[in-house]
Structures are given as C-alpha cells and as structure tokens.
Amino acid sequence: MTKVKIFERKKMISEKPRVRFAPSPTGYLHVGGLRTALYNYLFAKRTGGTFILRIEDTDRKRFVEGAVENLIESLKWCGLNFDEGPGSVTECGPYLQSERLDIYKKYVLQLVESKNAYYCFCNAERLEKLREEQKGRNEQSKYDKHCMSLSDDEVKTQLDNNSPFVIRLNVPEAQTVKFNDMIRGDIEFNTAMIDDQVLLKSDGFPTYHLANVVDDHLMKITHAIRGEEWLSSTPKHVLLYQYFNWEVPLFAHLPLLLNPDKSKLSKRQGDVAVEDYKGKGYLKEALVNFVALLGWTAGDDREFYYLDELVQAFELERVNKSGAVFDIKKLDWLNAEHLRKKSTTELAGMLAESLSESKYAEKSFSTEYLSLVVDAMRERVSFIKEIIENGSYFFEEPTVYDEATVKKRWTAESAGLLNEYVSELKNSECNTKDDFDKLLHSLAEKLEIKIAQIIHPLRIAVSGVGGGPGVFDILYIIGKERVIERINRCVETLSK
RNA sequence: GGCCCCAUCGUCUAAUGGUUAGGACACCGCCCUUUCACGGCGAUAAUACGGGUUCGAAUCCCGUUGGGGUCACCA
C-alpha cells in the first residue's frame, strides 16, 4: 500500500499538470466562471499541461436545456479551448458527470465497505425536525449519525424493501483536517464543524463532493483551481481522498469577483453572463484581459495583454488573496484600447455587422466607405456601436441641429459664408480631403475671415453636432454632392 | 450565530523590514487642437484601528473592527 502511494506521488510530480474547469451548466457562463476557467487555462498552457472541461451536471432539478452547448460556446468565444472535455474520447472520459453514475456508485460502495460512509434512511421530515431542534438549542445543524448505528441486517432489510436512501460520509468526531492552499497557505478545520455530508443522493446521483473527488482522481487532476466559495467544503474532500487512500491534488482557491457593494458578484447588480457582455459589444480580448487582471498581476505596470501574452506571463503564485470588484469603467477603457489596436479591415467588418442590426439595416455601404468611417471614428469611441450612435451623419443626413452648438457657433453671417463655400465647391473637383481643406482656406483668405468662422457652421451643416472627426475628414468621406445638399438644407432650416 | 478566508487611494493593484508608499481606471485642471476625442503634463486620493517584535513595520505576531464565503439529497 505504501509503495503504491509513493509511486503515484512520484509519477504525478514528473507529469505535466492536468487542471480542469468544472462548472455546473446553469445556462450561461458567469464572468466569475470565466475568470476561473481562464486561470486554469493560463496555468495549463503556461506549464505545458492539459486543460480539461468537466461538466458537473449532477443536479437533475437544475437541468437547463442547451446549457452545456451555451457554456462551451462562450468559452470558445473567449478563446479558451479545452484539451479534453465533452466530446473527447479518452480513458479519462466521459466528461459529463451525468454519464458517470456507475463510477460514483462503485466508489461510494467501497466507502460503505470500509465504514467510511453509511446508508441513511432518514426522511426529510426527520431531518427538518432535527435541524429545528438544533437551531432551538443554538447548535450547529448537523446530522446526528442516527443511521450509522443500523446493523447490517437492518440496512439489508431496508434495502430489500426498496426504501429510499442516501449514503453519507462518516466524518470523525473531533479531528483536525489540514491542507495547503497554493494561494492561502496552510488551512485547518476541525471535523466537529463538518456535517456527515450526503455523498449519494436518493435519486442515485452523486453530490458535488463525491463526484468532484472521484473525477479529479480518475482524471488525474494535479491542481484543483477553483473559486473561494469551495474553501469551506475542502476538508470534506480531503477526508474523501484520505478514505480512498488517494493522493490529494494541490488546491488553489481563487478570490471572488465582487459587486460594487463587495458582495459576491451576482445577477441582481448587473450583467454576469459572458454572453451579456458579448451582446453589449465588448470585445472578447477586452473581457479576457480585464478578467485576468482581477486578482492577478505580473508585478509590473503592464495592463494590456492578449491571451497568448497572458499565457507567457501568468503565474499562479502571483494570484491575490482578496476579492476584486468588477469595475465596468475599467473594462470600458480596456475595450477602447483593444478596439484601437485592431485593423481597419476588421473594424469595418464589425461596423458592417453592427449596422445590419441597427436602424440602418436597409441601407448598404461599401467596405471602402466603412473603412474611412472607422478610421475617422476609432479614436473617439469605446464600442463599435458608438460609431453609429455618435456618427449617425455618416449613415443619414442630419435633420436636426444640436441646439447648444448652434447657439454657440451659428452667427448671422454663417448662412452667407456657407453659400459662398457651396459656390466654390460647385466649381471644384474635390477628390481628396486636402482639396476640401485648400478650398476652404483660400475662400477664407479671399473673404478675409478667420477660418473658424466658417468651419464651425460647416460642421453643423454636415453633421448636425459639435463634435467628431476633423471637418475635412467628414467632407471627404460623405463627398461633395452630399456636402452641398446638407449645406443647403441646413441654411434653409436655420435661416427660418 | 458557528467555522473559514480576507483587509494599501472610490476601484484594480505594486512595493516579499529601510521608497517622498509606485502604476492604472474614474474624476478634476492645464497643454495640444477649427470641434469632439486621442495624446502629453499635473492635481486630489490609500497602508482600517490598537498593541507588541525590531535600530527601523504597509510588510512579522496578537487582539479589535470591518467585509466576504460557507454551514442542503445545489454546485
């Protein structure tokens, strides 16, 4: 026995790390889950290890149609491809726990055999009553091991009668369970505080605790990297490893992602699903970059990373202990940063897609046109859709003119000056941005006015608003004919 | 409430006994500029509190306070 253990330990150390992201399929990928998945992925890729996706679907009451597919899709969208997982055919599979029921049964029976687990036939009423009594006495609610004293014959009779049962972990009375956490160091619990956890439910499904330990062992997981919410149930898992006589993996409990009020990040206080952020127009690069920085830094001042760069820099040892507030403002900033680094071609494609979902869906714009728009607008937005929102004049003629801007920039001479410019335009080629520029400058010189006197009204006329790209960029992009139309319309409207 | 974890600017964080406690986001101001941005420069802003240990503590120890997690036949 001892020999085997030593052999296993040696083998494990020499082997490459095997880590898993083990979500329950609730219907979507939570950003906290994304962070856990990401750290697992980064650690695996950094160390040349294996990243495994295991679906913890042992709660039939919580079954959600399509949840697994959705989860995988979100993971893929973020670029986190797993090496092993649903669909993989390996000696460690299948990777859906609901397909591994026989395995858990086999192992839990082993525990019953060794008296480390026992059958329990108590019904819900008795348990509830027990809990209430304990609560009344201000005690911790814990199962009273009532069924542990059942004789083998009594158990057999109950089983023969098809009585519903669960199998419980036999937790020792008062013993210290110690384990080391890679992030938090040594942690110990007293078993007096630990309940005789149900391992196998009456529907034949395992609970998380059993399935998790059995699978981590069978799938040769070397590092269990998971959220801090699992910290308090870790002693149960350690106990299970001891009872099975299996080597305990290394644990790393990640700090939680928090709401602005510091509670655990939840749906109630904003978006938590990866698909929500995708839907709002966040780039996967930005989301991944941002989430990576929630609880980890390389130790330098760098904040901009692509996924492959994170792989190069990531160290599990540098993960923080304390929870991190999910600060949307910083995400927005990173989104803008990533947006600006993208090629014009890619952004034009994204703009076309965004346009097809907008009120301009019926209109069509050439790639060349959209490329010009993108380059004019990219420094001014954090999201692609903002190009449409803030630059509507690239997609339709302005019909209203921003009141504050008009008040500030439109004077009695404006209409006349714009008319002069129209005349000049009609007699010119204006094939480049520079042509528009030169024409305006020479006009200003001729009329002996400051260029600002005409440039501001011109902006109002072609865009309807006070801000945006350089006027000559706008003029060039929308073209001479439309510039003339817009000036005429504006002059007419504002002269009333 | 029991148990466990955590504690540096509003937020994310750096500083592994010796720093004017650094950076980033946000906010504000200035510069650049025909606008809005981008960019540049600058300002405000933190070691929760109290005890130790030490020549010296954000850093080590203890306590207090605060926050969080967890106490299911959910994960």
Side-chain angles (χ1 to χ4, degrees), chain A residues 22-26 56-62 97 120 122-124 127 131 135 138-143 164-168 181 183-185 187-190 192-195 197-209 211-212 226-235 253 255-256 258 260-264 290 293-304 320-334 336 340 377-382 390 405 408-409 437 440 444 450-456 458-460 463 465-472 474:
Chain A
S24 74
T26 53
E56 310 235 331
D57 57 346
T58 55
D59 186 358
R60 288 194 289 182
K61 292 190 286 289
R62 283 219 216 165
Q97 291 187 325
C120 172
C122 293
N123 56 32
L127 294 177
R131 260 193 286 268
K135 211 175 169 186
N138 236 328
E139 284 173 20
Q140 206 220 332
S141 68
K142 254 177 84 175
Y143 182 63
F165 68 89
V166 300
I167 294 179
R168 286 180 184 275
D181 186 280
I183 295 168
R184 285 150 219 285
I187 296 171
E188 38 175 277
F189 285 82
N190 193 308
M193 297 301 148
I194 303 169
D195 201 1
Q197 185 67 48
V198 169
L199 298 175
L200 196 74
K201 299 184 265 188
S202 55
D203 62 3
F205 276 64
T207 55
Y208 168 83
H209 309 284
N212 183 266
R226 70 218 314 193
E228 193 192 337
E229 67 266 32
W230 297 111
L231 198 55
S232 14
S233 42
T234 304
H253 287 95
L256 261 18
L258 274 25
D261 73 355
K262 305 257 186 187
S263 58
K264 192 171 157 184
F290 174 64
L293 260 19
L294 252 26
W296 172 86
T297 42
D300 52 23
D301 290 335
R302 186 172 175 187
E303 307 219 68
F304 187 93
N320 289 158
K321 293 178 168 112
S322 49
V325 173
F326 194 93
D327 179 14
I328 292 276
K329 285 273 179 59
K330 190 146 187 177
L331 208 208
D332 289 351
W333 169 72
L334 266 176
R340 291 182 194 124
M377 293 294 285
R378 64 192 308 159
E379 295 295 325
R380 282 160 249 272
V381 296
S382 297
N390 304 340
T405 310
K408 185 176 176 189
R409 308 284 195 190
D437 195 333
L440 194 81
K450 275 196 281 185
I451 194 130
Q453 276 183 266
I454 184 164
I455 213 163
H456 292 297
L458 181 55
R459 173 182 293 284
I460 292 173
S463 76
V465 293
V471 194
F472 303 115
I474 300 177

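Chain A is the first sequence line, chain B the second, and so forth, proteins listed ahead of strands; every chain is numbered from 1.
Among the atoms of the strands shown, base atoms are found under 4.0 Å from some heavy atom of Phe472(A). Residue contacts for Ile451(A): at a heavy-atom cut-off of 4.0 Å it reaches no nucleic acid atom on any strand shown. If you check every strand for non-hydrogen atoms under 4.0 Å, Gly227(A) touches nothing. In this structure, Pro25(A) reaches neither bases nor backbone, as no heavy-atom distance under 4.0 Å exists between it and the strands shown. Within 4.0 Å (heavy atoms only), Lys142(A) reaches no atom of the nucleic acid at all. Gly466(A) comes within 4.0 angstrom of a base, heavy atoms only. Using a 4.0 Å heavy-atom criterion, one finds that Ala324(A) contacts the sugar-phosphate atoms exclusively. Residue-level contact check: Pro164(A) touches neither bases nor backbone, having no heavy atom under 4.0 Å from any strand. Residue Val471(A) is classed as a base contact, given a heavy-atom separation below 4.0 Å to a base.
With rG69(B), rA14(B), rU34(B) as the candidates, the nucleotide lying closest to the side chain of Lys264(A) is rG69(B). When distances run from any side-chain atom of Val198(A) to the nucleotides rU35(B), rC73(B), rC12(B), the shortest one goes to rC73(B). Side-chain proximity of Leu294(A) to rU70(B), rU35(B), rC12(B): nearest is rC12(B). The listed nucleotides are rU11(B), rA75(B), rU34(B); the one nearest the side chain of Glu229(A) is rA75(B).
Remark: rC73(B) base-pairs with no nucleotide in the shown strands. Criterion, Watson-Crick or G-U wobble with two distances under 3.5 Å. In a base pair of the Watson-Crick type (N1 to N3 plus N6-O4 or O6-N4) or a G-U wobble (N1-O2 and O6-N3), with each distance short of 3.5 Å, rA43(B) is matched with no nucleotide. The partner of rU54(B) cannot be assigned: no Watson-Crick or G-U wobble pair with both contacts below 3.5 Å exists in any strand. When Watson-Crick and G-U wobble pairs are counted only if both distances are under 3.5 Å, rC25(B) pairs with rG10(B).
A donor-acceptor contact under 3.5 angstrom links the side chains of Arg226(A) and Thr234(A), judged on distance only. Side-chain contact check for Thr405(A) and His456(A): no donor-acceptor pair (N or O, by modelled atom type) lies under 3.5 Å. For His253(A) and Arg184(A), the side-chain atoms include no donor-acceptor pair closer than 3.5 Å. If you check the side chains of Asn320(A) and Ser322(A), you find no donor sitting under 3.5 Å from an acceptor.
Mapped onto RNA chain B by nearest heavy atom, Ser24(A) and Asp437(A) fall at different nucleotides, with Asp437(A) at the one closer to the 5' end. Along RNA chain B, the nucleotide nearest to Thr58(A) and the one nearest to Asn320(A) differ in position, and the one closer to the 5' end is contacted by Asn320(A).
Distances shown here put a side-chain N or O of Ser141(A) below 4.0 Å from the OP1 or OP2 atom of rA72(B). Phosphate proximity of rU13(B) to Thr297(A): absent, as no side-chain N or O sits under 4.0 Å from OP1 or OP2.
Using a 4.5 Å heavy-atom threshold, the side chains of Arg380(A) and Pro469(A) count as touching. Side-chain atoms of Tyr208(A) and Ser24(A), non-hydrogen and from C-beta on, never get closer than 4.5 Å to each other. Residues Ser233(A) and His209(A) are in side-chain contact: their nearest non-hydrogen atoms beyond the backbone lie under 4.5 Å apart. Between Leu256(A) and Glu229(A), the closest side-chain pair of non-hydrogen atoms falls below 4.5 Å.
We find that CG of Asn123(A) is positioned 16 Å from C1' of rA72(B), with the value rounded to whole Å. In this structure, Asp195(A) atom CG and rC73(B) atom C1' are separated by 12 Å, rounded to whole Å. Computed from coordinates, the Asp301(A) CG to rA14(B) P distance equals 11 Å when rounded to whole Å. Computed from coordinates, the Asp300(A) CG to rG22(B) P distance equals 18 Å when rounded to whole Å. If you measure from atom NZ of Lys329(A) to atom P of rC27(B), you get 6 Å, rounded to the nearest angstrom. Note: NZ (Lys330(A)) to P (rG23(B)) measures 13 Å, nearest angstrom. Rounding to whole angstrom units, CD of residue Glu303(A) and P of rA14(B) are separated by 11 Å. If you measure from atom CG of Asp332(A) to atom C1' of rC25(B), you get 10 Å, rounded to the nearest angstrom.
Using P as the reference atom, rA26(B) and rC41(B) are 16 Å apart when rounded to the nearest Å. Distance check on atom C1': rA21(B) versus rC4(B) gives 31 Å, rounded to whole Å. Nucleotides rU65(B) and rC49(B) have their C1' atoms positioned 7 Å apart, rounded to a whole Å. When the C1' atom is compared between rG52(B) and rU44(B), the two are found 35 Å apart, to the nearest whole Å. With both ends at atom P, the span from rA58(B) to rU20(B) equals 12 Å, rounded to whole Å. Nucleotides rA48(B) and rC9(B) are separated by 14 Å at their C1' atoms, to the nearest Å. Here the separation of rG50(B) from rC38(B), taken at their C1' atoms, is 49 Å to the nearest Å. Between rA7(B) and rU64(B), the two C1' atoms lie 13 Å apart (nearest whole Å).
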task = Take Leu440(A) and Phe472(A), measure what side-chain contact (heavy atoms from CB on, under 4.5 Å) needs, and give me the verdict at the end.
result = CA-CA 9 Å; Leu440(A) 194 81; Phe472(A) 303 115; 3.6 Å; yes

request  = Tell me, with the steps shown, if Leu258(A) and Phe326(A) meet side-chain contact (heavy atoms from CB on, under 4.5 Å).
outcome  = CA-CA 6 Å; Leu258(A) 274 25; Phe326(A) 194 93; over 6 Å; no

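Between Trp333(A) and Phe290(A), the distance from one ring center to the other does not fall under 6.0 angstrom.
Using a 4.0 Å cut-off between charged nitrogen and carboxylate oxygen, Lys321(A) and Glu228(A) do not count as a salt-bridge pair.
Of the listed residues (Ile474(A), Ile454(A), Val465(A)), just one forms a side chain to side chain contact (heavy atoms under 4.5 Å, CB included) with Arg459(A), and that residue is Ile474(A).
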So which protein N/O to nucleotides 2-9 of chain B N/O distances come out below 3.5 Å?
unit_1, atom_1, unit_2, atom_2, d
rC5(B), O2', Arg184(A), NH1, 2.6
rC5(B), O2', Glu228(A), OE2, 3.2

Polar-atom pairs under 3.5 Å, protein N or O versus N or O of nucleotides 37-46 of chain B: list them with distances, or write none.
unit_1, atom_1, unit_2, atom_2, d
rA37(B), O2', Glu379(A), O, 2.4
rC38(B), O2', Glu379(A), OE1, 2.7

